[in-house]
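The first residue in the sequence is number 1, and the count goes up from there. What you are looking at is a predicted structure, and each value in this text was computed from that prediction instead of being measured.
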Amino acid sequence: MTYEAYLDEVTTLLTEMFDMSDDAAIKHVMRAQAADFFTLHDDIPAMRTQERAVQDAKTLFAQISQSRPQARTPSPPKPKPPGKRRK
């Protein structure tokens, strides 16, 4: 598979495996690419396999979850400020 197709596959896997929105998955794959996460994939075509795409999607999701633990745990609702009661 081409390098671009590989990135598309990792993006698709993030949406399917981890219920991530398309926009969020694209953003995370682009950030990983900018951080040279996929450099060897560009240089070594043999790394662009379906099995490797699944592994990379899991790795990226783990990194996202570690860097943003608050995204996994919903915060409690904020109390409403006191106000006038309606009758």
Side-chain angles (χ1 to χ4, degrees):
M1 105 179 42
T2 66
Y3 178 69
E4 291 78 14
Y6 184 80
L7 296 180
D8 287 344
E9 183 61 23
V10 172
T11 303
T12 299
L13 288 168
L14 285 170
T15 64
E16 292 175 352
M17 294 169 59
F18 303 107
D19 197 30
M20 190 178 291
S21 72
D22 289 340
D23 290 340
I26 291 167
K27 178 180 77 172
H28 291 300
V29 168
M30 289 177 66
R31 284 184 179 172
Q33 185 182 18
D36 295 330
F37 182 83
F38 297 108
T39 299
L40 290 177
H41 301 72
D42 194 19
D43 297 337
I44 305 170
M47 291 181 71
R48 299 180 222 142
T49 65
Q50 181 66 32
E51 294 78 19
R52 183 62 186 247
V54 170
Q55 181 183 11
D56 285 343
K58 289 178 181 179
T59 301
L60 285 178
F61 186 75
Q63 290 176 356
I64 294 163
S65 297
Q66 288 175 354
S67 66
R68 299 189 63 202
Q70 72 277 7
R72 292 180 290 156
T73 307
S75 52
K78 294 181 181 180
K80 293 183 179 181
K84 292 184 178 180
R85 287 184 152 183
R86 292 188 176 201
K87 294 184 181 182

**Student:** Please say yes or no: joined through hydrophobic side-chain contacts below 4.5 Å, possibly via intermediate residues, are Phe61 and Leu13 part of one cluster?
**Tutor:**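 Yes: a chain of side-chain contacts under 4.5 Å links Phe61 to Leu13.
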**Student:** Side-chain contact, heavy-atom cut-off 4.5 Å: Leu40 with Met47?
**Tutor:**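 Leu40 reaches Met47 side chain to side chain.
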**Student:** Working to the nearest 0.5 Å, report the span between CG of Asp23 and OG1 of Thr11.
**Tutor:**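 Here the interatomic distance stands at 11.0 Å.
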**Student:** Minimum heavy-atom separation for His28 to Ile64, with atom names?
**Tutor:** CG-CD1, 3.3 Å
**Student:** For a quick test of reading the model, state the closest non-hydrogen atom pair linking Thr15 to Ala25 and the distance between them.
**Tutor:**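 Looking at all heavy atoms of both residues, the shortest contact is CG2-CB, 3.6 Å.
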**Student:** Out of curiosity, Arg52 CZ to Ile44 CD1, how far, rounded to the nearest 0.5 Å?
**Tutor:** 9.0 Å
**Student:** For residues Asp42 and Arg48, report the shortest heavy-atom separation together with the two atoms involved.
**Tutor:** O-NH2, 3.1 Å
**Student:** For Glu9 versus Ala53, what's the shortest heavy-atom pair and its separation?
**Tutor:**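 Result for this residue pair: CG-CB, 3.8 Å.
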**Student:** To the nearest 0.5 angstrom, please state how far the CG atom of Asp8 sits from the OG1 atom of Thr2.
**Tutor:** 7.5 Å
**Student:** What do you reckon, is CE of Met30 surrounded by more than 12 foreign heavy atoms closer than 6.0 Å?
**Tutor:** no
**Student:** If the plane angle is over 60° it's perpendicular, under 30° parallel, otherwise tilted; pick one for Phe38 and Tyr3.
**Tutor:** perpendicular
**Student:** To the nearest 0.5 Å, how far apart are CE in Met17 and CG in Asp19?
**Tutor:**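 Separation between the atoms: 12.5 Å.
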**Student:** Relative to the ring of His41, is the ring of Phe37 parallel (under 30°), tilted (30 to 60°) or perpendicular (over 60°)?
**Tutor:**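 Plane angle under 30°, so parallel.
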**Student:** Grouping I, L, V, M, F, W and Y whenever their side-chain heavy atoms are under 4.5 Å apart, do Leu60 and Met1 come out in a common cluster?
**Tutor:** yes
**Student:** Would you compute the distance between atom CD of Gln33 and atom CG of Leu7 and round it to the nearest 0.5 angstrom?
**Tutor:**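 Nearest 0.5 Å value for the CD-CG distance: 5.0 Å.
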**Student:** What's the separation between atom CD in Glu51 and atom CG in Asp56, rounded to the nearest 0.5 Å?
**Tutor:**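 One finds 11.5 Å between CD of Glu51 and CG of Asp56.
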